[in-house]
Amino acid sequence: PIATLLDTPGLFIRAPIVVARDGAWLLPVWRCTKPPEGAWTGDLDTSSVMVSTNAGATWLEHPVPDSLGAVHMAIVDAGADYV
């Protein structure tokens, strides 16, 4: 069934949840931030990874360092072989 995972204004999701080896849910998100003056440009947006260890009942936000203006990320298994 459809459900709201995160009800936070300005928080956007463009990638699916990835289940980590330990069972935690990892959800890449970005936060739109409008400058104090003028229109939104995306230059102040930041990325985070939301983590749930209880199947989405609660979430903890882990900001991605140095992600200012670089959003729309994806979770990739660094131990996997990719072509």
Side-chain angles (χ1 to χ4, degrees):
I2 295 173
T4 299
L5 292 177
L6 304 163
D7 189 16
T8 305
L11 193 70
F12 292 89
I13 301 167
R14 186 170 272 181
I17 292 172
V18 173
V19 179
R21 290 184 184 105
D22 65 0
W25 290 9
L26 310 176
L27 180 61
V29 300
W30 82 93
R31 190 177 294 280
C32 286
T33 304
K34 185 181 176 299
E37 295 182 13
W40 171 84
T41 63
D43 295 340
L44 299 177
D45 294 357
T46 56
S47 294
S48 292
V49 177
M50 304 301 290
V51 178
S52 177
T53 57
N54 54 13
T58 59
W59 295 88
L60 291 175
E61 183 173 1
H62 297 269
V64 175
D66 302 320
S67 65
L68 187 65
V71 296
H72 307 285
M73 64 167 184
I75 303 291
V76 176
D77 184 344
D81 292 326
Y82 294 97
V83 178

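Computed from a predicted model, the values in this text were never measured in an experiment.
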Heavy-atom closest pair, residues [X] and [Y]:
| X | Y | result |
| --- | --- | --- |
| Asp7 | Pro9 | O-CD, 3.9 Å |
| Ala15 | Pro28 | CB-CG, 3.6 Å |
| Pro63 | Glu61 | CD-O, 3.6 Å |

Any donor-acceptor pair under 3.5 Å from Asp45 side chain to Gly69 backbone: no
Nearest 0.5 Å, please: how far is [atom2] in [Y] from [atom1] in [X]?
| X | Y | atom1 | atom2 | answer |
| --- | --- | --- | --- | --- |
| Ser52 | Ile17 | OG | CD1 | 8.0 Å |
| Trp59 | Leu11 | CH2 | CG | 10.5 Å |
| Met73 | Ser47 | CE | OG | 5.0 Å |
| Thr46 | Asp66 | OG1 | CG | 11.5 Å |
| Leu60 | Met50 | CG | CE | 7.5 Å |
| His62 | Leu27 | NE2 | CG | 12.0 Å |

When you compare the side chain of Leu44 with that of Pro35, does any pair of heavy atoms fall below 4.5 Å? yes
Contact between Trp25 and Val19 at the side-chain level, heavy atoms closer than 4.5 Å - yes or no?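 Side chain of Trp25 against side chain of Val19, heavy atoms only: contact under 4.5 Å found.
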Taking side-chain hydrogen bond (donor to acceptor under 3.5 Å, both in side chains) as the test, write out the residues that go with Asp22, two or more places apart. none
Connected via hydrophobic side-chain network under 4.5 Å: Val29 and Val51: no
Fit a plane to each ring of His72 and Trp30, take the angle between them on a 0 to 90° scale, and name the class: parallel (under 30°), tilted (30 to 60°) or perpendicular (over 60°).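 The arrangement is tilted - the two ring planes meet at 30° to 60°.
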Whether over 12 other heavy atoms sit under 6.0 Å from Asn54 CG: yes
